[in-house]
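First listed ligand is number 1; within each ligand, the first listed atom is number 1.
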Amino acid sequence: MNNSKLTVVMYHYVRDLKNSRYPNIKGLQIELFREQVQFLKKHYNFVTVEQVLDAYHNDKAKDLPDHPVLLTFDDAYKDHFDYVFPYLEHEKIKGAFYAPVKAVTENTVLDVNKIHFILASTPDEKLPQLVNELKLQLDNYRKDWNLQSFDYYFDKLAVANRFDPKEVIFVKRLLQVELDERLRKIITDDIFQKVVGMDEGMFSCELYMSMDQIKCMVDNGMHFGSHGYDHYWLNSLSKEKQEFEIKKSIEFIKEVGGDVNNWTICYPYSAHDDKTIEVLKENGCKLGMTTIVDTADLSNKEGDVIFKLPRLDTNDLPKDANAPVNKWY
Ligand SMILES: [Zn+2]
């Protein structure tokens, strides 16, 4: 038996990319999602969050099926209601979904999503223009915000990786991490308006599930956990601010009909610290998902492993029903 080794798979956008308004968004085409589910069905056994909690907290790992796998979906995209939910229903699989509370309840759009759609609306040949727009923005705010020169930021941040050219990395890192949070927001909002050109409230309604859709999924056995309130890097917040994020999450879970004594969290950007885990334990949270790329060992009870569960990205596993298993099996 190999049932204490748990595979958790992480998904973000799952959509009909080819026929969508933003075919360049970095997402998973629905047919490939279905292929991957069929691949997993052949070699693994789907489990629920509740089974995982039971296995870990009540020492019932032996009750788990061989090669257990749990599917998780971040950011509460409407994609998950439109394409994922019906297919999971069809296959009798219960997934775990993680909602950024404010985006869903107050019709805002996460800055990280604004950046995705700014980039998805900018073809490669227009990337220099986008970088130039950022240069103008930096010039505009340099005095009031005590900014460095454009070259300083570009040299520091514009480093290509295996997924993206250097201009894309520059935009992401400048607007996601480098600048002061308030200025990041001002510039991101301005460029979102210029490039995507849609009202934020309307865009939010199009991008995320509604509360009714979430309740419908909970009624049908899907698990909804917290993805924070404001999608912050939790480890950058004081304990009080982390408590606020957590309390808001519990209100949300209560409202959609979840179990507030056995709830779970997926840390935005995987970021958490010892304070986070303290607050979570004080508030009935039983499990935390990260983006560490690995499989989980449920028999290891040392050092809060259940609050640091690793996950594989969908791209780490085959998207072909007939593919052989890979090194993660
Ligand atoms: Zn997220």
I'd like to know whether the aromatic ring centres of Tyr83 and Phe33 sit less than 6.0 Å apart in this structure.
no
Flag Cys266 as yes if one of its N/O/S atoms falls below 2.8 Å of the Zn ion (ligand 1), otherwise no.
no
Nearest 0.5 Å, what's the NE2-OG1 distance between His227 and Thr264?
11.5 Å
Please find out if the Zn ion (ligand 1) and some N, O or S atom of His12 are separated by less than 2.8 Å.
no
Hey, does the side chain of Asp230 reach the backbone of Tyr232 with a donor-acceptor pair shorter than 3.5 angstrom?
no
Atom name, Asp75 (N, O or S, nearest to the Zn ion (ligand 1))
OD1
State whether Lys5 and Asp297 are salt-bridged, where the test is any N-O pair (Lys NZ or Arg NE/NH1/NH2 against Asp/Glu carboxylate O) under 4.0 Å.
no
